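So the structure is just underneath, and the comments pick up after that.
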Protein chains: 2
Amino acid sequence: MLWKEIHHKLLNDVRAGHYSAGEKIPTEAELARRFNVNRHTVRRALSLLRDEGFVFSKRGAGVFVTGKNATYRIGKRTRFSQNISSDGVPSRQVTSVETRHATYLEAGKLALKTSDMVHVAEGLGYLENTPIMHSVSQFPAGRCDGILTYLQTNPSKTDAFAALGIADYLRKETEVTAVTATAMMANMLSCAVGAPLLRVNSVNILVDGTPIEYGTTHFIGDRMVLSVHNE
Amino acid sequence: MLWKEIHHKLLNDVRAGHYSAGEKIPTEAELARRFNVNRHTVRRALSLLRDEGFVFSKRGAGVFVTGKNATYRIGKRTRFSQNISSDGVPSRQVTSVETRHATYLEAGKLALKTSDMVHVAEGLGYLENTPIMHSVSQFPAGRCDGILTYLQTNPSKTDAFAALGIADYLRKETEVTAVTATAMMANMLSCAVGAPLLRVNSVNILVDGTPIEYGTTHFIGDRMVLSVHNE
DNA sequence: ATCTATAATTTGTCTAGTTGTATATTGATG
DNA sequence: CATCAATATACAACTAGACAAATTATAGAT
């Protein structure tokens, strides 16, 4: 079986670190030329590598090497950058911001009326240059004005809150469910459509109980473990 | 299909009122970043939204929502249509003025000779920041001298007439037809070429029967209902 | 201040390249 | 002959990049 040899060779290359995390490996056509086989034979080898979690592919772009796994601790004070425990360095990036009216759900979670405005920030979290989470956060206007402009330059929510004079905040509630990735979510998280995701809905509050953030985060299921703490 | 999900999400955002009528939605590049796709994939989603009539785009400027989603708010539209028989629209703006010889048609409508001059004012009317009508008005020189300079600072015709000493005037005749949008009209009204328009020709007169205005107005068909009252 | 020339944005269009999917064919093996 | 691996071919969906055309923002000059 030709494709198994190719799989073995590619796996060795990845493990040997010839391609670092997040890096693009040669195209299927190129690999087919190199191994002197048909493109579909290469695809079969890549398919196994994909299932094993070593690489992920983006239609139209190429095949990329997957990063490492991590665990995410959820407690009373959860901060993304401090709570990811792994070998790699986590980073995050804000992909879009907007200000709009609150939906019914958001209004309820943030103690607002639907006529009130919310600031919305959407972003991705990375580990080893590969996406590991996607988050949408709603902040109540009035209590958090100016947070979006801050987040655009520095994606750290802790820093942003600090800049607004909020030195400390607490996790009030955390709801965790499991969902499967839609095409869009799969694309954003560079995982397969239908892959299991962890969906975390959370509310952060001030020490006096005033809600200041309602967020929904999706983690890639098989790259992330949530550990919940009740101290 | 990624672009279909993006289309669905954008449509939801528009429907939910996250972007209000006439407002600019994020640029294609921004949306591409947010959904983590190529700009062309966003364009395909926007293309469907355009075809469905929810947004329109202006090269070099951006993509804007049409306000079609807000048409179920009959209140504004009703008030709007009530005002058609009298003076004007909630927000209007004079785009150009000129003084020239009367055409044969204008001369007939305004009881002039073709050697007489007419003052011409062209303008746009807006509803919720979206253009909804285009009007051209001809005023007979001699009876309405100085009206153009006034209209340029204040687009209200009632005020302009009042400034000329005309406290009251009546609608003599109103003709309504349906036409399709030419390229020029489509551009001014931010609608598609070939879109259905309502064309209203009207003549306003003094209480003694002297005509003081002949006008042609085009309304966007699917955003406007004319209600005709015979009191 | 106001107008003007320049630069920066933003949409429209085009070409090329890459992965995903479906179907059909070849060739060796039992 | 039936089966399975590999090949061959074609198309769809998406990415990547470049450039043109229209608009908007910016800086400079008068």
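Small disclaimer: the values here were computed from a predicted structure and weren't measured. Reminder, nothing fancy here: chain letters follow the sequence lines and each chain counts from 1. No hydrogens, no waters, no symmetry mates; every other heavy atom, side chains included, goes into these values.
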Partner of A/S57 by side chain to side chain donor-acceptor pair (under 3.5 Å), out of A/R43, A/E28, A/R50: A/R50

Residue A/T41, side-chain atoms from C-beta onward, closest of D/dA6, D/dC14, C/dG20: D/dA6

Any A/S57 side-chain nitrogen or oxygen under 4.0 Å from OP1 or OP2 of C/dT18: no

Might you list the N or O atoms of the protein lying below 3.5 Å from N or O atoms in nucleotides 6-10 of chain C, with each pair's distance?
residue	atom	partner	partner atom	Å
C/dT10	O2	B/G60	N	3.4

Rounded distance (Å) that lies between atom P of D/dT7 and atom CZ of A/R44: 12 Å

Approximate separation, where rounding is to 0.5 Å, of A/S156 OG and A/L151 CG: 8.0 Å

Distance-only donor-acceptor test (3.5 Å): side chain B/H40, base C/dG12: no

Under the side chain to side chain donor-acceptor pair (under 3.5 Å) test, residues paired with B/R33 that sit two or more places apart: none

Phosphate OP1/OP2 of C/dT11 contacted by B/R43 side-chain N/O (<4.0 Å): no

Sidechain-backbone polar pair: B/T216 side chain, B/V136 backbone, donor-acceptor under 3.5 Å: no

Atom-pair distance (CZ on A/F64; C1' on D/dA16), nearest Å: 11 Å

Interatomic distance where CG belongs to A/N36 and P belongs to D/dT7 [whole Å]: 8 Å

Distance-minimising heavy-atom pair for A/V118 and A/A102: CG1-CB, 3.7 Å

side-chain hydrogen bond (donor to acceptor under 3.5 Å, both in side chains) evaluation trace for B/E98 with B/H119: CA-CA 6 Å; B/E98 63 174 343; B/H119 301 307; over 6 Å; no

Full working for side-chain hydrogen bond (donor to acceptor under 3.5 Å, both in side chains) between A/E122 and A/T95: CA-CA 6 Å; A/E122 199 168 331; A/T95 54; 4.9 Å; no

B/W3 side-chain proximity, nearest of D/dT7, D/dT15, D/dC14: D/dC14

Ring pair (Phe, Tyr, Trp, His ring centres under 6.0 Å) pairs, two or more places apart, involving residues 137-165 of chain B: B/F139-B/F161, B/F161-B/Y169

Interatomic distance where CG belongs to B/L2 and C1' belongs to D/dA12 [whole Å]: 13 Å

Rounded distance (Å) that lies between atom C1' of C/dG20 and atom CG of A/N187: 13 Å

Results of side chain to side chain donor-acceptor pair (under 3.5 Å) for A/R100 - residues two or more places apart only: A/E106, B/H18

Length of the line joining A/D51:CG and C/dG20:P, which is rounded to integer Å: 12 Å

Protein-to-nucleotide contact annotation, 5' to 3' order, nucleotides 24-30 of chain C [B base; S sugar-phosphate only; - none; under 4.0 Å, heavy atom]: -------

Nucleotide C/dA22, atom P - distance to CG of A/N38 in whole Å: 17 Å

Stepwise salt bridge (Lys or Arg N to Asp or Glu O under 4.0 Å) check, A/D159 with A/R92: CA-CA 13 Å; A/D159 291 353; A/R92 95 187 307 180; over 6 Å; no

B/I6 CD1 - D/dT15 C1' separation (whole Å): 13 Å

Pair of N/O donor and acceptor under 3.5 Å linking C/dG12 base with B/R39 side chain: yes

pair A/P155-A/Q93: side-chain heavy atoms closer than 4.5 Å: no

Protein and nucleotides 2-4 of chain C: nitrogen or oxygen contacts under 3.5 angstrom:
none

Stepwise side-chain hydrogen bond (donor to acceptor under 3.5 Å, both in side chains) check, A/H7 with A/E52: CA-CA 11 Å; A/H7 166 261; A/E52 291 169 334; 2.9 Å; yes

